[in-house]
There are 2 protein chains.
Amino acid sequence: MPTPDRTSLIEIVEAGRDLIESGGASRLTMQAVAERVGVRPPSLYKRVRDRDELLALVAQATVDDLGRRLAASDGSLAGLARTYRSFARERPEGFRLMFTVEGAAESLQQVSEPVLLLGREMAGEDVALEAARLIVAWATGFIDMELAGSFRLGGDVDRAFEFGLERLDLALRG
Amino acid sequence: MPTPDRTSLIEIVEAGRDLIESGGASRLTMQAVAERVGVRPPSLYKRVRDRDELLALVAQATVDDLGRRLAASDGSLAGLARTYRSFARERPEGFRLMFTVEGAAESLQQVSEPVLLLGREMAGEDVALEAARLIVAWATGFIDMELAGSFRLGGDVDRAFEFGLERLDLALRG
DNA sequence: ACCTGAACACCGTTCAAGT
DNA sequence: ACCTGAACACCGTTCAAGT
């Protein structure tokens with residue numbers, strides 16, 4: 001005698017995404033997720049193996065979102081970097097999770113294509129990959145530090161971002 | 001009737017540092033720390049307010065270590081960056097904690113001085129801060145991604161690091 | 001086939017009682 | 001003044017029993 005489904009994997013992942021943005025990954029408890037989707041905690045284990053897998057799914061969904069955004073940008077250095085930064089500001093906790101969760105690294109690959117294209121265009125075939133890594137490392141580090149509140153010496157953080165864009169443009173076309 | 005101290009804050013923080021390196025911050029439980037220092041969990045609360053404070057102290061100790069290392073380097077772009085990277089490889093979990101833990105951001109300030117000096121030397125007074133932020137953002141992002149296993153497109157990661165150093169040198173002296 | 005209550009192990013934290 | 005056992009709240013997870 002089957003029971004009608006009272007929730008779905010999509011709904012569970014969406015609840016997880018909301019929860020982490022409300023105060024970090026520690027807010028994502030199986031109990032809180034269950035309550036949000038209207039089910040008891042044990043029922044979640046019909047859809048996800050455990051909490052770690054749910055965190056990975058949340059990270060994956062965030063990567064997918066980011067990939068769509070980047071693909072829709074104009075593909076320029078400034079365009080990609082600003083898109084990346086504004087995405088991180090929208091979902092700061094999701095952004096962090098992408099680099100934290102075990103197993104999210106693979107899926108980040110799908111995001112790297114537009115940056116790799118840009119690296120080739122700017123610095124040439126030979127060092128396309130190295131150029132892409134310079135760009136991504138800078139942008140990721142900048143945003144991570146910005147979100148963590150690590151820029152403490154005053155100054156204009158937006159100006160520092162634009163400065164980075166200008167100089168990287170110089171450095172890669174050199 | 002006083003009881004002789006059976007542990008100390010220093011010993012507790014050191015135990016915490018060991019524990020996180022053995023498998024991430026989740027390994028740092030009050031029970032595991034207590035066991036390591038030879039005391040029962042409730043006793044820890046005589047020295048630290050709660051687990052979060054202990055995590056902050058562990059991050060702080062890591063920042064102090066890093067500050068000493070950077071101060072002992074030659075102060076060049078390559079010297080600072082390589083010191084930073086090798087420190088992160090020695091204590092990957094401590095490195096991550098520096099940017100994760102609430103309240104570790106303030107203490108990172110003490111580390112920024114040598115980079116700020118370098119930024120001024122390379123790019124001039126006017127943009128010293130912006131230059132320092134470009135350097136730190138790149139190095140931090142690169143190392144973070146390296147530790148997280150985010151470089152998945154093959155290629156030589158060491159080569160990408162050296163490429164970044166060369167091009168940043170170009171970009172900042174430009 | 002999904003859902004639930006009950007149960008278990010584990011963790012952070014408090015507190016009264018010991019020395 | 002520090003230490004402890006006992007206790008509580010909370011969490012992840014399992015499982016037998018329900019529909």
Side-chain angles (χ1 to χ4, degrees), chain A residues 1-61 93-94 96-97 100-104, chain B residues 1-61 93-94 96-97 100-104:
Chain A
M1 234 60 59
T3 304
D5 292 13
R6 242 161 270 185
T7 184
S8 68
L9 184 57
I10 291 177
E11 202 187 4
I12 289 169
V13 173
E14 215 50 43
R17 294 187 75 180
D18 288 351
L19 281 166
I20 65 168
E21 297 304 337
S22 82
S26 71
R27 293 288 185 93
L28 191 165
T29 67
M30 298 304 266
Q31 322 213 11
V33 171
E35 193 171 359
R36 264 184 190 242
V37 303
V39 107
R40 298 291 177 174
S43 300
L44 299 177
Y45 294 85
K46 286 286 157 181
R47 326 257 179 196
V48 296
R49 193 175 355 101
D50 53 23
R51 182 175 177 271
D52 277 349
E53 189 183 81
L54 178 50
L55 280 171
L57 290 169
V58 167
Q60 176 66 59
E93 296 295 339
R96 294 186 134 185
L97 206 61
T100 299
V101 158
E102 208 68 30
Chain B
M1 233 58 61
T3 303
D5 291 13
R6 241 161 271 186
T7 185
S8 68
L9 184 57
I10 291 178
E11 203 186 2
I12 289 168
V13 173
E14 215 51 43
R17 293 187 75 180
D18 288 351
L19 282 166
I20 64 167
E21 296 305 338
S22 81
S26 71
R27 293 286 183 95
L28 191 164
T29 67
M30 298 303 268
Q31 321 213 11
V33 171
E35 193 171 359
R36 263 184 191 243
V37 303
V39 107
R40 299 290 178 174
S43 300
L44 299 176
Y45 294 84
K46 286 285 156 182
R47 327 256 179 198
V48 296
R49 193 175 355 101
D50 54 22
R51 182 174 177 273
D52 277 349
E53 189 182 82
L54 177 51
L55 281 171
L57 289 168
V58 167
Q60 175 66 57
E93 296 296 338
R96 295 186 134 186
L97 206 61
T100 300
V101 158
E102 209 69 29

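Proteins come first, then strands; the chains are lettered A, B, ... in the order of their sequence lines, and each starts at number 1.
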Next on the checklist: If you compare all heavy atoms of Thr29(B) against all heavy atoms of Ser26(B), which two are closest, and at what distance to 0.1 Å?
Outcome noted: CG2-O, 3.7 Å
Checklist entry - How far does CZ of Arg27(A) sit from CD of Glu93(A), to the nearest 0.5 angstrom? => result 9.5 Å
Next on the checklist: Can you give me the closest heavy-atom contact between Ala104(A) and Leu97(A), atom names plus distance?
Outcome noted: CB-O, 4.4 Å
Next on the checklist: Return the pairing partner of dA17(D) with a 3.5 Å limit on both distances, Watson-Crick or G-U wobble; otherwise return none.
Outcome noted: none
Next on the checklist: I'd like to check Glu102(B) versus Asp52(B) (side-chain heavy atoms, cut-off strictly below 4.5 Å). Are they in contact?
Outcome noted: no
Item to check | Ionic contact status for Asp5(A) with Arg47(A), cut-off 4.0 Å | outcome: yes
Checklist entry - For dA1(D), does either OP1 or OP2 sit under 4.0 Å from a side-chain N or O belonging to Arg6(B)? => result no
Checklist entry - Across all strands, who's sitting opposite dC3(C) as a Watson-Crick or G-U wobble pair, both distances under 3.5 Å? => result none
Item to check | Among Val39(B), Ile12(B), Val48(B), Thr7(B), side-chain contact (heavy atoms from CB on, under 4.5 Å) partner for Val33(B) | outcome: Ile12(B)
Checklist outcome for this item: Taking a pair to mean Watson-Crick or G-U wobble geometry with both distances below 3.5 Å, dG12(D) pairs with dC8(C)
Checklist entry - Reading nucleotides 6-17 of chain D 5' to 3', which nucleotides get B (base under 4.0 Å from a protein heavy atom), which S (sugar-phosphate only), which -? => result B----BSBBB--
Next on the checklist: Quick check on dC2(D): is either OP1 or OP2 less than 4.0 Å from any side-chain nitrogen or oxygen of Ser43(B)?
Outcome noted: no
Item to check | Gap between atoms NZ and P, on Lys46(A) and dC2(C) respectively (whole Å) | outcome: 7 Å
Checklist outcome for this item: Winner on side-chain proximity to Arg40(A), out of dG5(C), dC3(D), dC3(C), is dG5(C)
